There are 2 protein chains.
Amino acid sequence: MARHKIGIVGIGKISQDQHIPVIRKNRAFDLVAVASTRGLTVEGVPHAFRNQTEMLEGVPDIDAIAICTPPQVRHAIAREILAAGKHVLLEKPPAATLSELTDLADYARERGLVLFTTWHSQYNEGVEKAREYLAPRTVTSLDIQWKEDVRKWHPGQEWIWDAGSFGVFDPGINGLSVATRIMPSPLFITKAELFFPENRDAPIAANLDFRIGDVTTNCRAEFDWRETGDEKWEMTVGTSDGSILKLTRGGRMLTIDGEVVVDGASEEYEGIYERFDELLNRREAHVDEQPFRLVADAFMSGRRITVEPFTE
Amino acid sequence: MARHKIGIVGIGKISQDQHIPVIRKNRAFDLVAVASTRGLTVEGVPHAFRNQTEMLEGVPDIDAIAICTPPQVRHAIAREILAAGKHVLLEKPPAATLSELTDLADYARERGLVLFTTWHSQYNEGVEKAREYLAPRTVTSLDIQWKEDVRKWHPGQEWIWDAGSFGVFDPGINGLSVATRIMPSPLFITKAELFFPENRDAPIAANLDFRIGDVTTNCRAEFDWRETGDEKWEMTVGTSDGSILKLTRGGRMLTIDGEVVVDGASEEYEGIYERFDELLNRREAHVDEQPFRLVADAFMSGRRITVEPFTE
């Protein structure tokens, strides 16, 4: 297979920390261009542009573009890239709204192009092993704890509190993306509580109750940005044969009945680009709406509770 | 074609006012059973049960069931009916959450069964004529006004204020179902404001801004349950050739450039059951998620504004 010529639109922290070094390590890809509205360039990448329009004109034989901008502008950018006949990878969350994501999925399908929604937490080895373990079993309980210190993870980012920025669901959606991946039956939200600081337009914490298959009790998630100290990104799953599965460190570590099954270094983005290579070679789309849909369901059905003001 | 043996689960106001009389008038259907948890019976309908389980056992050759219960319990009921190999019609809104609706659509598709999500306002003649008129045109503006007096339309119904009951989106979704039906390109919410009474868990009013195709200005909706006097269920659409289309009375009346094109009596449910007959004969599903997805998008991206308490 020829190497895929790829570009990146949006040169923020996640591009610099993950996409750029990981693409460079992967021999299936050639990183040929970047685009940054702030005019950033990346050493060793032959082309730098202001936006996707310039990129598509400047490198007409590009194969695929990864979109790492804020979610609010992704739909228009992805539409333009797909219209030019190029494949698209979307950072999480894939769009600003579900209608935008559905539209992109339909548009890519009509044109026979690859659209790939990435949920990075799904690419931990522990997650795959958990999925395999649970597949033939019946889940009887789920407890997701996704808690971190917003001051540590989003210092000075005032926009995270804007309406439409999802608030604590920004980390929480990682937990949901792991849960939807490993559960042998679909999750439904039966009750949600959203905690909004008095002075903010996005929730700082959320409690969700789920129904999973016929199981209506003991399935829950707690998201909290008010955690101090170390982050807690973990979930515990009980099954009908009495075993207890535990994923910790965002999916990096898996124990079953107290025994360590996986204790791996994080290779999330390596897994993402291996998968993207596969999808491009097969010209197959991979659009996973489930985590995003659960967030929308939580907002739609959730009770809003006002809590004390948040200041950084 | 043999007549379709049909049952109704949920004997509330909408069943009594619409489904029962309309099914009886339609010669393609035989209304063979009803189910009511309150034990209601309907004169002239041979079987009455407590729930769908009894109905499926009691009338094993039933072809299809219309679900007219509150949305919170629809998913489990529909799952059970589909599992029994029977077709399903869903009153609006089709489920409590998007995840539930997607699950039903997938489940029906896997089994080759008909699932029909009904949005009654779409079945006005004015709506179909508006759709035909706009199809070859470019829309340049949209103004949806969906306002009614909650005290008049929901007297004593305290549950409409529960979280998860959608509030003013209960009527508003009718406007959205008309707009998504007549627009030649998809609608996306770009901004939403949700007005919650201080003492309630559901919005009493909402303002939405849309993007339609490339048009990002002058596209909006205003929903309000605080309207006094007559209800206002209307929308005005401007097109690039300068014409102005106006749908009023929930889609029953259509004027184009001031000239009356349709001024019809409401035959919404007649249209729904004609369509259901077609779908059953073709064994074809019709799942329209768009109006529901826009409501979820509004809740997910909307800013919450507290307004004065509401008491009936």
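So that the names make sense, note that chain A is the first sequence line, chain B the second, and so on, each numbered from 1. As a basis for the values below, the full set of heavy atoms in this structure was taken, side chains included, without hydrogen atoms, waters or symmetry mates. Quick caveat: nothing in here was measured; it's all calculated off a predicted structure.
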Report task. Answer yes or no: is there an ion pair linking E54(A) with R50(A), defined by an N-O contact shorter than 4.0 Å? Result -> no
Query raised in the report: Which one, A296(A), S301(A), A163(A), S99(A), leads in non-hydrogen pairs under 4.5 Å with chain B?
Result: S99(A)
Query raised in the report: Heavy-atom distance under 4.5 Å to chain A: side chain of L194(B), backbone, both or neither?
Result: neither
Report summary line: Cut-off 4.5 Å, heavy atoms of chain B, and the answer for I305(A) is neither
Report task. Answer with side chain, backbone, both or neither: which region of T102(B) has an atom nearer than 4.5 Å to a non-hydrogen atom of chain A? Result -> side chain
Report task. Please test F169(B) against F223(B) for ring pair (Phe, Tyr, Trp, His ring centres under 6.0 Å), starting from the C-alpha separation and ending with a verdict. Result -> CA-CA 7 Å; F169(B) 286 92; F223(B) 301 153; 5.6 Å; yes
Query - Residue pairs, two or more places apart or on separate chains, that pass salt bridge (Lys or Arg N to Asp or Glu O under 4.0 Å) and touch residues 94-105 of chain B - result: R211(A)-E100(B), R79(B)-D103(B)
Requested in this report: Check the angle between the aromatic planes of F116(B) and H286(B) and answer parallel, tilted or perpendicular using the 30° and 60° thresholds.
Outcome: perpendicular
